[in-house]
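Structure first, then comments.
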Protein chains: 2
Amino acid sequence: MRVFSGSTRIEAVAPDDRGLAYGDGLFETMRAARGEVPWWDAHCERLQAGVRRLGMVLPDIGLLRAEAAALLAGDDAVLKLIVTRGSDGRGYAPELTATPTSVLSRHPLPPTPPAAGIALRWCATRLALQPALAGIKHCNRLEQVLARAEWNDPAAADRDAFDGLMCSTEGDVVCATAANLFVLKNGRWSTPTVDRCGVAGVCRAWAKAALDAEETRLDVTDVETADAVFLCNAVRGILPVARLGARQWLPHPQVAALRAQLASNHPAFIA
Amino acid sequence: MRVFSGSTRIEAVAPDDRGLAYGDGLFETMRAARGEVPWWDAHCERLQAGVRRLGMVLPDIGLLRAEAAALLAGDDAVLKLIVTRGSDGRGYAPELTATPTSVLSRHPLPPTPPAAGIALRWCATRLALQPALAGIKHCNRLEQVLARAEWNDPAAADRDAFDGLMCSTEGDVVCATAANLFVLKNGRWSTPTVDRCGVAGVCRAWAKAALDAEETRLDVTDVETADAVFLCNAVRGILPVARLGARQWLPHPQVAALRAQLASNHPAFIA
């Protein structure tokens, strides 16, 4: 774990950091292969989009890349970067030139999901519609925390589900708690828009281009009647979905082909 | 500033604290008079409501009260308490028994607002509808940060406004960025409901009882045509509103009477 205030390495995050006070920050979760982060540029572009939206100062990306390389030390790992607005006194009013705080941390790779595909459930927690925050990967994630807490209910169905799908408060299906969603219907791939809630995932952008998928609003029936479904994120890649509640899907050749394509594009995802 | 993991005093907040990662926590901002916090119990009740809602562990309130007293050292000050879910590894899934992190800090009293009343503006940033998080004082506050950032636009009107009123994404008026709202119409006081967004303020509860005010949905016209308007929060007490955009109000005897009643109830608010 390495913490920086601007470009100065510091021992710890200040207790008055606005990340802690208000979730006033952004994060990226990346997959590293042999110490390299193949999607580094895409993650930094999204980070920059978030910085612009929140009116923050971008930290020195070159410094962070060098520090990330030192932290990774040539290994396969998950790399997490949090960038907050730093400390600038009490109150919501942001200081637009505040020195940002950056936290780099490495984590073990997650276990490989089942080859036959993952099981999903529906989350009861809904995503609020907030266009001002949609798409970026900000640190206000209590909705995802509450959705994930639903697994803790001993009476809950599908407690072994790998992830859960979340709908917006208007009922359209948006994403899983920690992944984007793609569905195949009538020979065409689509993924939910993330203009009102949800995150514009780095792997989502890759898959959208690879499949020439359209962005659209999907309802529950669209998902349940799809011919194939997968989740994706930058840490796990393409995750074929085998079950959603009572609905089951057999492995689909197009999803297998996409996984193979990702493996050939991104060394972390070689099976 | 004092930081605790459970009941153990620690040097600093861990960089993997979930407060920093996800805004996964709660806070209270309190006014102390001569080292005492007259509304301590009300703040703790709201904190407990938040802890229940988020499925967190409540820290030792008795310990925090003693530490707060030591930090205040008999002074008039603002006391802030942040309670997060602590550190329990990466990923949204919360550990419901995680040891909470508590941060106590003291701050100078804010300047006294103008005696003739404050000026308000309308914020363009809207509050999303999220019943699962409404009412509690959680740490996902990017909407308030964005609303307050509107003051930084050199072209913005009313840059000298003390605070701004925020509407929900459905258009009803909810609150100011850092205070609750009361309006007088046809001899009856009312304050917006906080069941879909907004915070159930400690001073709001006091004023609601004192005025026998009703909770209701208010639209922009309701506010602009009101006979009197005030904001309130636990740090500043009752704040008469003199202006909202082009609309002006003369001081109202009922607001003055409420301020006097608060001053007689709460020693921090003696004029």
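In what follows, chains carry the letters A, B, and so on, assigned in the order in which the sequence lines appear, proteins first and then strands, with residues in each chain numbered from 1.
Note: Ala149(B) leads Cys197(B), Pro131(B), Ala149(B), Ala14(B) in heavy-atom pairs under 4.5 Å with chain A. Here Cys139(B) is the residue among Gly19(B), Gly25(B), Cys139(B) with the most heavy-atom pairs under 4.5 Å with chain A. Counting heavy-atom pairs closer than 4.5 Å to chain A, the top-ranked of the candidates Ile82(B), Val103(B), Val3(B), Asp24(B) is Asp24(B).
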Checklist entry - Could you go step by step and tell me if Gln144(A) and Tyr22(B) meet the side chain to side chain contact (heavy atoms under 4.5 Å, CB included) rule? => result CA-CA 9 Å; Gln144(A) 285 73 21; Tyr22(B) 307 132; over 6 Å; no
Checklist entry - Can Met1(B) and Asp16(A) be said to form a side chain to side chain contact (heavy atoms under 4.5 Å, CB included), step by step? => result CA-CA 9 Å; Met1(B) 194 98 72; Asp16(A) 65 348; 3.8 Å; yes
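Residues forming a side-chain contact (heavy atoms from CB on, under 4.5 Å) with Arg204(B) (at least two apart in sequence, or on another chain): Asn180(B), Phe182(B), Thr191(B), Val194(B), Ala200(B), Glu215(B), Cys232(B). Remark: Arg217(A) pairs with Asp195(A) by the salt bridge (Lys or Arg N to Asp or Glu O under 4.0 Å) rule, at least two apart or across chains.
Below 4.5 Å, heavy atoms of chain B meet heavy atoms from Thr169(A), all part of residues 161-174 of chain A. Contacts between residues 50-60 of chain A and chain B, defined by a heavy-atom separation under 4.5 Å, are made by Arg53(A), Leu54(A).
When heavy atoms are compared at a cutoff of 4.5 Å, Val13(A) approaches chain B by way of both its backbone and its side chain. Looking at Leu142(A), both its backbone and its side chain come within 4.5 Å of chain B, counting heavy atoms on both sides. For a residue to count as touching a neighbouring chain, one of its non-hydrogen atoms must lie under 4.5 Å from one of that chain's; by this rule Val145(A) touches chain B with backbone and side chain alike. Interface residue Asn152(B): only side-chain heavy atoms are found under 4.5 Å from chain A.
Minimum interatomic distance between Lys80(B) and Ala21(A) (heavy atoms only, all atoms of both residues): NZ-CB, 3.9 Å. Smallest separation of non-hydrogen atoms from Leu133(A) and Glu143(B): CD1-CG, 4.2 Å.
Put simply, the side chain of Asp17(B) never gets that close to the backbone of Leu20(A): no donor and acceptor are under 3.5 Å apart. Judged by distance alone, the side chain of Gln130(A) and the main-chain N or O of Arg126(B) form a donor-acceptor pair under 3.5 Å.
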